[in-house]
Amino acid sequence: MGIYSIKENLYAEFAQQKTKPKKVKWLQELLEFRKNNPQEFRGNKLSVKNIENLIEAWSQKNPQKYIKDKLGITAREERERLAEMAKRDPKDDE
């Protein structure tokens, strides 16, 4: 692995991984590298906990939906949609 003090290097390497299993494997290797060589991440705010959260998310069937569900965004969007529907005037009934 290269030096990861510049986050663009991390993004570029992550983008090179084309499938979810490859991304998860790369993140696990990055986690071990981060634990063993913290000096390589100097100036980068990527913590061990951040990498663990990424591994957990990318291990799911649908990572984007998993993150939305975990943060409560899906439930909030559904409440907002229902509230918007309740506000609409029933003009179609006339």
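Nothing here was measured: the structure is a model prediction, and the numbers come from that model. The first residue of the sequence shown is numbered 1, and numbering continues consecutively from there.
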So, does E32 use its side chain to make a donor-acceptor pair with the main chain of Q28 at under 3.5 Å?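 Not at all, since once roles are kept as given, no pair shorter than 3.5 Å links the two residues.
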
Any side-chain heavy atom of E77 sitting closer than 4.5 Å to one from K68?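 In contact.
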
How long is the span from the [atom1] atom in [X] to the [atom2] atom in [Y], to the nearest 0.5 Å?
X: R81; Y: M85; atom1: CZ; atom2: CE; value: 5.5 Å
X: K87; Y: L82; atom1: NZ; atom2: CG; value: 12.5 Å
X: L46; Y: L30; atom1: CG; atom2: CG; value: 6.0 Å
X: R79; Y: R76; atom1: CZ; atom2: CZ; value: 8.0 Å
X: E13; Y: N9; atom1: CD; atom2: CG; value: 7.5 Å

Side chain to side chain contact (heavy atoms under 4.5 Å, CB included) between L10 and N44: does it pass, once the steps are laid out? CA-CA 10 Å; L10 287 168; N44 194 339; 3.2 Å; yes

For W58, is the NZ or CZ atom of K20 found under 6.0 angstrom from the centre of its six-membered ring and inside 45 degrees of the ring axis?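 So K20 doesn't make the cation-pi contact.
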
Taking the six-membered ring of Y66 as reference, does the cationic atom of K61 (NZ for Lys, CZ for Arg) lie under 6.0 Å from its centre and within 45° of its axis?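 So K61 doesn't make the cation-pi contact.
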
Taking only residues two or more places apart in sequence, or in another chain, which ones meet I67 in a side-chain contact (heavy atoms from CB on, under 4.5 Å)?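 So I67 forms a side-chain contact (heavy atoms from CB on, under 4.5 Å) with A57, L71.
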
Which residues share a side-chain contact (heavy atoms from CB on, under 4.5 Å) with K49, sequence neighbours left out: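 Partners of K49 under the side-chain contact (heavy atoms from CB on, under 4.5 Å) test: S47, E52, N53.
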
Do you know which two heavy atoms are closest between [X] and [Y], and how far apart they sit?
X: K45; Y: N50; answer: O-OD1, 3.6 Å
X: I51; Y: L27; answer: CG2-O, 3.6 Å
X: K18; Y: A15; answer: NZ-O, 3.5 Å

With sequence neighbours left out, write down each residue that passes side-chain hydrogen bond (donor to acceptor under 3.5 Å, both in side chains) with Q16, or none if nothing qualifies.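 Expected list: none.
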
Single hit among K23, Q17, K22 for side chain to side chain contact (heavy atoms under 4.5 Å, CB included) with T19: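 Going through K23, Q17, K22 one by one, the side chain to side chain contact (heavy atoms under 4.5 Å, CB included) with T19 is satisfied by K22 alone.
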
